[in-house]
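Working notes, beginning with the structure itself.
Each ligand, and each atom within it, is numbered from 1 in the order the structure gives. Count residues from 1 along the sequence. Note that the structure is a prediction, hence the values are computed from the model and not measured.
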Amino acid sequence: MAIEDNSQVRTEGSVRDREIVAARVIVTCPGRNFVTLKIETRSGVYGLGDATLNGRELAVASYLQDHVIPNLIGRDAGRIEDTWQFFYRGAYWRRGPVTMTAIAAVDVALWDILSKIAGLPLYQMLGGRSRDGVLVYGHANGKDVEETVQEVGRYIEKGYKAVRAQSGVPGIKKAYGVSNLKNAYEPAESELPLETVWNTTKYLNTVPQLFEKLRATHGPDIELLHDGHHRMTPIEAARLARDLEPYRLFWLEDATPADNQQSFELIRRHSITPLAVGEVFNSIWDCKQLIEKQLIDYIRTTIVHAGGITHVRRLADFAALHQVRTGFHGATDLSPVCMGAALHFDTWVPNFGIQEYMQHCQETNDVFPHDYTFREGRLYCGQTPGHGVDIDEKLAAKYPYSPKQLPIARLEDGSMWDW
Ligand code: GCO
Ligand code: MG
């Protein structure tokens with residue numbers, strides 16, 4: 001009886017401290033647009049969650065502002081699972097990128113708060129580290145095969161053990177993944193969507209040449225990846241996957257859209273090139289069949305777009321049963337807050353595969369100070385309690401929202417295609 005009484009007193013004390021007293025949405029554009037949720041407790045501990053949905057940022061900001069925050073005030077920040085269920089089941093309108101990004105922002109902010117209260121880095125809260133560092137892949141691209149091969153070499157020199165290679169394609173003006181400027185590839189560059197023209201035949205003729213040259217130049221050990229960005233039909237994807245087999249890719253990403261998950265059966269039937277998909281998924285239901293039928297090898301769905309740590313943990317555990325490993329999306333349109341949370345998750349998750357790492361620009365890094373570091377092809381999360389990423393709100397306020405949308409693609413005859 002005495003023991004129960006004591007724990008009662010302890011619990012009630014901390015519940016009062018953990019009460020959510022304020023929550024705010026911060027929209028900022030240090031190089032590109034980011035939406036961040038900041039949740040504050042009575043004791044002054046705060047947590048941050050990324051809520052960025054590239055090209056649809058303000059929809060999530062409004063969802064949080066108008067529909068989520070009024071329900072957060074007064075809740076116990078320690079009830080992470082119940083809060084997740086409240087916003088998922090309680091919304092009635094389930095799933096979808098806007099809802100699941102908003103839920104993710106709340107979830108990550110609450111994990112951040114609870115870890116800070118415990119005085120532990122977030123990965124400890126999940127069960128501790130499974131590895132010391134997180135294998136990452138960088139993005140090499142060039143205007144043609146020659147330039148891309150050289151770019152990959154530069155990544156190898158910087159210590160990368162895995163590199164994604166995207167090359168310009170003769171006859172295609174603006175191929176996906178190829179930067180105009182010499183800095184990082186940023187697709188959302190215009191206020192209204194930029195129109196690009198696509199030709200799959202030209203693409204399919206170029207990519208095998210690229211990987212042949214890459215293996216001949218850089219040898220067998222470097223891990224090579226490629227992103228098809230949903231442009232191919234299943235049978236075209238099967239052809240590319242088969243043509244690339246001699247060059248042993250780490251993965252071929254988004255070979256075909258997975259709206260119909262069964263499409264991947266066709267690719268699998270023809271090729272042993274490992275497949276990755278899922279950066280646009282927002283729940284376990286988008287990949288249930290892909291995983292349980294072992295139609296993919298890596299699941300790309302990341303924390304910010306799929307309901308946060310609470311949901312992605314469930315997804316990763318399900319994937320582990322089928323020997324599917326994680327390979328989280330990590331483009332620069334996911335903020336350092338997402339990257340911090342993802343790295344803690346990657347450090348813990350038993351069925352980790354790889355983490356995408358496109359480096360943020362200096363302005364972004366200044367607005368979001370963080371403690372993760374890159375060393376010899378791996379990222380290491382720090383020991384700061386929480387996910388280790390903060391926001392400089394004064395600096396953030398100097399970069400107002402700047403409307404930008406992702407491009408679209410049309411075939412040469414003008415038909416809409418998948419970008
Ligand atoms: C990737 C992605 C990005 C997306 C971008 C869209 O693999 O990193 O495909 O390049 O196009 O994140 O917002
Ligand atoms: Mg991709």
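- In this view, Tyr123 and His344 satisfy the ring pair (Phe, Tyr, Trp, His ring centres under 6.0 Å) rule, not counting sequence neighbours.
- Between Glu253 and Arg300 there is a salt bridge, since a side-chain N of the basic residue sits under 4.0 Å from a carboxylate O of the acidic one.
- A salt bridge between Glu393 and Lys38 is present, with a side-chain N of the basic residue lying under 4.0 Å from a carboxylate O of the acidic one.
- In this structure, Arg268 pairs ionically with Asp297, as a charged nitrogen and a carboxylate oxygen lie closer than 4.0 Å.
- The count of protein N, O or S atoms under 2.8 Å from the Mg ion (ligand 2) stands at 3, with waters excluded from the count.
- Ion pairing between a basic and an acidic side chain is recognised when a charged N comes within 4.0 Å of a carboxylate O; Arg32 and Glu363 show no such pairing.
- Taking 4.5 Å as the limit, every side-chain heavy atom of Ile267 sits out of range of all side-chain heavy atoms of Ile235.
- Every protein residue with a heavy atom nearer than 4.0 Å to ligand 1 is included here: Asn54, His139, Arg164, Tyr176, Asp227, His229, Glu253, Glu279, Arg300, His329, Ala331, Asp333, Glu356, Leu406, Trp419.
- When side chains are defined from C-beta on, Ile354 counts as touching Trp251, because their heavy atoms get closer than 4.5 Å.
- Figure legend: Arg378 and Phe374 shown without cation-pi pairing, the cationic atom not lying both under 6.0 angstrom from the six-membered ring centre and within 45 degrees of its axis.
- Every side-chain hydrogen bond (donor to acceptor under 3.5 Å, both in side chains) that Arg410 has, sequence neighbours left out, goes to Glu195.
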